[in-house]
J.: 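For reference, the structure I am asking about is given below.
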Amino acid sequence: MEYFVKSGSPEKQRVGCVVVGIFDRRKTSDAAGIVDHTTGGAIGSVMRRGDMDGKLGTTLVLHNLPNVFADRIMLVGCGKERDFDERAYRKAATATAKALKAIGGKDAVCYLSELNVRGRSHGWKVKQATLATEAVLYNFTECRGKNAQANAEPPSIERITFDVPRRSDLPAGEKGLDEALGIAQGVAFARRLGDLPGNICTPTFLAGEAGGLATQFPKLKTRVLEEAEMEKLGMGALLSVSRGSREPAKLIVMEFMNGPKGEKPTVFVGKGLTFDAGGISIKASAKMDEMKYDMCGGASVFGAMRAAAELDLPINLVGVVPSSENLPDGAANKPGDIVTSMSGITIEVLNTDAEGRLILCDALTWVGENYDADVVVDMATLTGACVVALGAPASGLFSNSSPLARALSNAGDEIGDRAWEMPLWEEYQDLLKSPFADVANIGGPTAGSITAASFLHRFTRKQKWAHLDVAGTAWQSGGNKGATGRPVGLLVQYLLDKIAKRDS
Ligand code: BES
Ligand code: MN
Ligand code: ZN
């Protein structure tokens, strides 16, 4: 797909489709009004017949309208004009992309990016529309058989232009477009890694994907720590999880040092559990297939690295992905086992299904010993409790630094990949007491995502650190099952904001 930003009049566009907005109670947007006028009231008469009343997310394609150059005019319902906020804009943009995918035209000019969204610039609108379109066009087909792949027909739409009201809006629109395209590459990459099944996407496979990134982007360097090195480093927590699996664990490190020399790196760490059966504390069978998504935190690190390289961001960025499987086995962790982490802290493994924190704690200690990081942010599908607390609208956000928490939360709001802060108070540490070891790997039945974050906090006290629990946001269940690519958008927006603030 090719994208452009332009400024021009809707009736003069010589394209397959022109997209204009209609507000609830049949109110035309400016662009729809112009088309209605030049066609002698064609839109008005369609609305009077009751085929389009402006309900948010509805679409209607009109053919053969007089006096316009476009083959089709697509009406997109935008809901009530006074309620047309960021959420409504994204919804209308997504509906547009779905409808454009289904038409026969090769190109389209979209005027939704001219609509007023309170407090949002034209750059923001172009960026959001591009991200929404790219999200709709993502299609995971690589595990279909050869015949199915050969017979699949791509959508005919090839070019989309977003219109901005004035020529002076073009630079902002183009900046939004460029940022969106870089982010979309990262999001799609993370979604693909998430959607790949556990028998293909193993720790070794992920290490190979890092190598692939390094080949594609010469400024990106990668190295992989093998189990023997982890052994030497004393990563007893990470290795205890991997012991129950035939797939060797990997600690994947990616460096993209493209910022000013001497600037402390931003470090992203992601849980790369390529399949989580729970281990001896085995999970129930229902929906266990979804535990292939337990590497989505790691996938978001890959996605953010990819986007940063794609956008050539002037920043020093490090990505670290501890990767393992968690399976039942004679050599697996048993409830009550005590392991010694790289930090020296001993851990009583009361539940072998709380494995994410075991692999992350050693990765976080390793980061602390190997980098003088500006900030460390980890992403993990860490707790079912976070899904209960926040559902799909927001990732759980925990931090020992309020400026960092604010920056991440603002970035999420800006890009539409939100996070909501939860407490990391010391009171919660009491829930992790063990009678035999320094700490237990689970708390009681209450505050599950907070105790998980509090466990990680024991290993990140000396760093400016944040943790995003993406258990409810990284993938969707049900009929539309699939990875979402979250929180790649939040992470890359955080980097963009950080660069803009530094350079201002
Ligand atoms: N990967 C899971 C968390 C998870 C479960 C994410 C379901 C999304 C949906 C994690 O490793 C896990 O099993 N956590 C346990 C922790 C518990 C044993 C304290 C959980 O949430 O049940
Ligand atoms: Mn688990
Ligand atoms: Zn897990």
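Owing to the predicted nature of the structure, the values given are computational and were not obtained by experimental measurement. Note that these values count all heavy atoms, side chains included, but never hydrogens, waters or copies made by symmetry. Both counts, for ligands and for their atoms, begin at 1 and track the order of listing.
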J.: Any nitrogen or oxygen of Trp475 lying under 3.5 Å from a nitrogen or oxygen in ligand 1? Just yes or no.
T.: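 No, since none of the N or O atoms of Trp475 sits under 3.5 Å from an N or O of ligand 1.
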J.: Taking 2.8 Å as the cut-off, does Asp276 contribute an N, O or S atom near the Zn ion (ligand 3), distance below it?
T.: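 Here the distance criterion (N, O or S atom, under 2.8 Å) is met by Asp276, so yes.
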J.: Please report the interatomic distance CG(Leu424) to OG(Ser399), rounded to the nearest 0.5 Å.
T.: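 If I round to the nearest 0.5 Å, the distance is 7.5 Å.
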J.: Salt bridge check: are Arg461 and Glu426 linked by an N-O gap of less than 4.0 Å?
T.: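 Salt bridge flag = yes for Glu426 with Arg461.
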J.: Might you work through the salt bridge (charged side-chain N to carboxylate O under 4.0 Å, His left out) test for Glu348 and Lys433, ending with a clear yes or no?
T.: CA-CA 9 Å; Glu348 187 182 17; Lys433 279 195 178 132; over 6 Å; no
J.: Do Gly384 and ligand 1 have an N or O pair less than 3.5 Å apart?
T.: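 Yes, there is a polar N/O contact under 3.5 Å.
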J.: Quick one: do the Gln493 and Asp497 side chains pair a donor with an acceptor below 3.5 Å?
T.: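 The criterion, which ignores hydrogens and geometry beyond distance, is satisfied for Asp497 and Gln493.
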J.: Is atom 22 (O) of ligand 1 near the protein, in the sense that some protein heavy atom lies at less than 4.0 Å from it?
T.: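 Not a single protein heavy atom is under 4.0 Å away.
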J.: Using a 4.0 Å heavy-atom threshold (strictly under), name the region of Met291 that reaches ligand 1: side chain, backbone, both or neither.
T.: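 Side chain only.
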J.: Would Lys271 count as being in polar contact with ligand 1, using the rule that some N or O on each side must be under 3.5 angstrom apart?
T.: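 Min N/O separation from ligand 1 is below 3.5 Å for Lys271.
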J.: Once rounded to 10°, what is the value of the angle centred on the Mn ion (ligand 2) between Asp353 OD1 and Glu355 OE1?
T.: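 Value, to the nearest 10 degrees: 120°.
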J.: Using non-hydrogen atoms of the residue, decide whether Lys283 is closer than 4.0 angstrom to ligand 1.
T.: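 A heavy atom of Lys283 does come that close to ligand 1.
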J.: Would you name the N/O/S atom of Asp276 that lies closest to the Mn ion (ligand 2)?
T.: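 Distance check against the Mn ion (ligand 2) picks out OD2 in Asp276.
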J.: Between Arg357 and ligand 1, does any nitrogen or oxygen pair lie at a separation below 3.5 Å?
T.: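 There is no such contact.
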J.: Is there a nitrogen or oxygen of Asn351 sitting under 3.5 Å from a nitrogen or oxygen of ligand 1?
T.: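 So ligand 1 has no N or O lying under 3.5 Å from an N or O of Asn351.
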J.: When you look for heavy atoms under 4.0 Å from ligand 1, do you find them on the side chain of Leu273, its backbone, both, or neither?
T.: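 Near ligand 1, Leu273 shows nothing, with every heavy atom at 4.0 Å or more.
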J.: Going by an N to O cut-off under 4.0 Å, is there a salt bridge joining Glu229 and Arg223?
T.: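 The answer is no: the pair does not qualify as a salt bridge.
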J.: Angle at the Zn ion (ligand 3): provide the value between NZ of Lys271 and OE2 of Glu355, rounding to 10 degrees.
T.: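 An angle of 90° at the metal.
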J.: Taking all non-hydrogen atoms of both residues into account, name the closest pair between Ala363 and Val269 and its distance.
T.: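 Looking at all heavy atoms of both residues, the closest pair is CB-CG1, 4.2 Å.
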